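Working notes for the structure below.
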Amino acid sequence: MKHFISTQEWKKEELDKLLDLTAEMKKDPEEYNNSLLGKSLCMFFYNPSTRTRNSTEVAAYQLGMHPAFNSIKDAWIGYQSESIKDTSIVLSKYYDAIGIRIFPVSVKWKYKEGHRILNEFARYSEVPIINFEDDQFHPLQALTDIFTIREKKIHTEGKKIVISWCYHPKPLPFSVPNSILLMSSRYGMDITLTHPKEYRLDDEIISVAENNITQSGGTLSFSHDIDEAYQDADVVYIKSWGARPYYGDAKNEKQLRIPYRESWRIKANHLEKTEKDSVLMHCLPIRRNVVADDEVIDGKHSIVYKQAENRLYTAKAVLYNLLKN
Ligand code: CP
């Protein structure tokens, strides 16, 4: 039995198969209608969601499954209530797969605690666990991102992707930047990670990405100069995240980020140095005119709605792959 907790735990050939299946399911959705008839999906949310919840629910429905939404507010699970072990065993008696979303706020910003909880679910579950985004990884998003890049660019190998920090009023989790870094480094991309100096991602993740690159033939460079970083980019992936030294300390971190409010808000002129057919990506939700200007989100480079749409097809591919075999 396989889980889908991080793309890194899947072999490159397995990810390739998921991407091929996504393409097939997008091209010919009827072929897969009701292919998982009679199966059920538990959708367990500690935190809100628009895309993950709805894309997965519709994906399950179209495959013939019964998707059941569960909110943490309606469950016994918790620090002083039912254990993860009991919850996981019991839910896996009813369902064929369990998807879980858990953000840092739900684990009191204890570093990597959300990811640990997901792995604890997996340890006791008798059915596949799907990461609906924890505090470290968002594999459904990263799979979709590479699918969407390939859909636009054909080949990822040798294409320049800039993973760019941007201003946001609050510190956000590392799950999306970690995940796109890991996936783009599996797919041979020339990666430039750009952020203010205090916003370096976890060295452990960077080291995994560097190792990926030795296998895939890509490159990884760092820049604290946003204008220099965007030069000749084929893909610009914007996303804000928190400063590691202030993890869980939003009050003090605020002083650090405020000076970047203007210079790291993404504007149309930032994209002028990129390739003329470059694409601008963001996983959404995004705060318009705070993180990036309307001109950027609605501009000619933006493929953010295509990314969001493709979440439906990757969700179907993951469910099918985990449950059909
Ligand atoms: N991108 C993403 O996961 O969006 P939601 O938080 O709305 O699910």
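None of the values given here were measured: they were computed from a predicted structure. First listed ligand is number 1; within each ligand, the first listed atom is number 1.
The shortest side-chain heavy-atom distance between Leu319 and Ile130 falls under the 4.5 Å cut-off. By the 4.5 Å heavy-atom criterion applied to side chains, Arg186 and Gln8 are counted as neighbours.
Taking 4.0 Å as the cut-off between side-chain N and carboxylate O, Lys112 and Glu204 count as a salt-bridged pair. For Asp298 and Arg288, the salt-bridge test passes: some basic side-chain N is under 4.0 Å from an acidic carboxylate O.
On a distance-only criterion, Arg53 and ligand 1 share no N/O pair closer than 3.5 Å. The N/O atoms of Cys283, backbone and side chain alike, include one that comes under 3.5 Å of an N/O atom in ligand 1.
Shortest non-hydrogen contact noted between Trp264 and Ser164 is CZ3-OG, 4.3 Å.
The nearest protein atom to atom 3 (O) of ligand 1, hydrogens excluded, is given as His138 NE2, 2.7 Å; this is a heavy-atom distance. Protein heavy atom closest to atom 4 (O) of ligand 1, with residue, atom name and distance, is Arg51 NE, 2.9 Å. In terms of protein heavy atoms, atom 6 (O) of ligand 1 is closest to Arg101 NH1, 2.8 Å.
Figure legend: cation-pi geometry between Arg265 and Tyr260 absent, as NZ or CZ is not positioned both under 6.0 Å from the six-membered ring centre and within 45° of its axis. A cation-pi arrangement is absent between Lys239 and Trp165, since the terminal nitrogen or guanidinium carbon is not both under 6.0 Å from the aromatic centre and inside a 45° cone about the axis.
For ligand 1, the atoms closer than 4.0 angstrom to any heavy atom of Thr50 are 5 (P), 7 (O), 8 (O). Within ligand 1, the atoms closer than 4.0 Å to a non-hydrogen atom of Ser49 are 5 (P), 7 (O), 8 (O), numbered from 1 in the order shown. If you number the atoms of ligand 1 from 1 as listed, the ones under 4.0 Å from a heavy atom of Arg311 come out as 1 (N), 2 (C), 3 (O).
Here Leu284 has backbone heavy atoms under 4.0 Å from ligand 1, and that is the only part of it that gets that close.
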